Amino acid sequence: MPLSMAHASDEAEGMTYSPKYKQFEAPHEHVPQYFTMDKVVVNFRGEGKAKFLAVDFKFMSYYPQVVETEMEYLRPILKNDIDRVLRNQTYSKLKTPTGPDELRAEVLKVAREILEKHDIYPDLLEDVYLDRFVMQ
């Protein structure tokens, strides 16, 4: 289940949102598009059990312009802020059954904040997925 709660009827016709945000053409098809972050490897708070955290993220939106253009422009900011989130994680938190999903929610929140700061409606970014999640 996606972390956001957008309505399918809104997505099929295109979302309407405040004109203070950059406006995008409604998607022609209800097909998810993905923005892949470069491989992320950071030192984190491994608590003596691990030293490195390696995560690959894919961000999903139904708006191709968001993932193909806007997020590409914001790649350095996304990388910086997501690296900061990852460095502050702890082994004991991430090893729990809900740890990876809590991390996904936190990363999605950070990415949406970055979009909003750059006048892009944050809810156009639907979800984030973990392609790889390794602690060692």
Side-chain angles (χ1 to χ4, degrees):
M1 179 167 110
L3 295 174
S4 72
M5 297 299 192
H7 300 291
S9 62
D10 292 338
E11 293 167 350
E13 299 171 4
M15 283 190 198
T16 55
Y17 46 87
S18 170
K20 82 175 192 173
Y21 296 109
K22 202 179 279 188
Q23 300 294 306
F24 297 100
E25 192 176 307
H28 299 291
E29 299 177 17
H30 192 67
V31 178
Q33 304 292 313
Y34 296 93
F35 172 77
T36 303
M37 287 289 297
D38 297 331
K39 302 200 178 304
V40 179
V41 179
V42 298
N43 289 326
F44 80 119
R45 298 177 187 178
E47 300 166 330
K49 304 208 187 300
K51 293 183 181 188
F52 300 102
L53 176 62
V55 187
D56 294 349
F57 295 104
K58 279 196 178 181
F59 293 88
M60 191 270 282
S61 175
Y62 290 101
Y63 285 75
Q65 309 94 318
V66 172
V67 293
E68 292 171 3
T69 305
E70 301 299 333
M71 290 188 74
E72 188 61 46
Y73 291 144
L74 298 171
R75 183 182 292 273
I77 300 166
L78 288 162
K79 175 147 179 41
N80 180 73
D81 290 6
I82 290 170
D83 281 1
R84 180 181 34 81
V85 168
L86 295 177
R87 284 191 304 270
N88 287 317
Q89 299 301 308
T90 62
Y91 178 83
S92 56
K93 179 181 171 187
L94 291 175
K95 75 173 185 166
T96 66
T98 60
D101 286 331
E102 290 171 11
L103 176 63
R104 284 178 53 222
E106 192 172 346
V107 167
L108 182 61
K109 180 179 180 247
V110 166
R112 284 178 169 169
E113 288 169 355
I114 292 167
L115 291 179
E116 186 165 28
K117 185 186 270 187
H118 290 87
D119 300 323
I120 300 164
Y121 186 60
D123 288 345
L124 295 179
L125 186 60
E126 294 281 332
D127 212 340
V128 61
Y129 301 100
L130 306 177
D131 266 0
R132 174 179 68 149
F133 181 82
V134 178
M135 296 185 288
Q136 77 180 42

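Quick caveat: nothing in here was measured; it's all calculated off a predicted structure.
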Taking side chain as C-beta onward, heavy atoms only, is [X] less than 4.5 Å from [Y]?
X    : Y    : value
D38  : R75  : yes
F59  : V107 : yes
L108 : L125 : yes
D123 : R112 : yes
I114 : I120 : no
M135 : K49  : no
V42  : R84  : no
Y21  : L124 : no

Rounded to the nearest 0.5 Å, what's the gap from [atom1] on [X] to [atom2] on [Y]? Could you check?
X    : Y   : atom1 : atom2 : result
L103 : Q89 : CG    : CD    : 5.0 Å
M37  : L78 : CE    : CG    : 5.5 Å
K79  : L86 : NZ    : CG    : 8.5 Å
N80  : I77 : CG    : CD1   : 8.5 Å
E70  : F24 : CD    : CZ    : 4.0 Å
Q136 : K51 : CD    : NZ    : 11.0 Å

Problem set entry | Salt-bridge contact K93-E106 (side-chain N to carboxylate O under 4.0 Å) |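 Looking at E106 together with K93, the answer is yes, because their closest N to O distance falls below 4.0 Å.
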For this session: Look at K117 together with E113 and state whether they make a salt bridge at an N to O cut-off of under 4.0 Å.
Result: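 A salt bridge is absent here (no side-chain N lies under 4.0 Å from a carboxylate O).
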On a heavy-atom basis, which atom in [X] and which in [Y] lie closest, and how many Å separate them?
X    : Y    : answer
V40  : D56  : N-OD1, 4.1 Å
N43  : R87  : O-CG, 3.4 Å
R104 : V128 : NE-O, 2.7 Å
V41  : A54  : CG2-CB, 3.9 Å
Y62  : P27  : O-CB, 3.1 Å
F57  : I82  : CE1-CG2, 3.6 Å

Exercise. Can you tell me if E68 uses its side chain to pair, donor with acceptor, with the backbone of Y34 under 3.5 Å?
Worked result: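 Here the side-chain-to-backbone pair does not exist.
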Problem set entry | Trace of the side chain to side chain contact (heavy atoms under 4.5 Å, CB included) decision for V66 with M71 | CA-CA 6 Å; V66 172; M71 290 188 74; 4.3 Å; yes
For this session: Please check if any side-chain donor atom of Y63 sits under 3.5 Å from a side-chain acceptor atom of E25, or the reverse.
Result: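 No pair is found: no donor N or O on one side chain lies under 3.5 Å from an acceptor on the other.
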Exercise. Side chains of Q65 and T69: do they bring a donor and an acceptor to under 3.5 Å?
Worked result: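 No, no side-chain donor-acceptor contact under 3.5 Å.
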For this session: Go through the steps to decide whether Y121 and Q23 satisfy the test side chain to side chain contact (heavy atoms under 4.5 Å, CB included), and finish with yes or no.
Result: CA-CA 8 Å; Y121 186 60; Q23 300 294 306; over 6 Å; no
Exercise. Is L130 linked to Y91 within one hydrophobic cluster, defined over Ile, Leu, Val, Met, Phe, Trp and Tyr using a side-chain heavy-atom separation of less than 4.5 Å?
Worked result: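 Yes; tracing contacts between hydrophobic side chains, which count when under 4.5 Å, links both residues.
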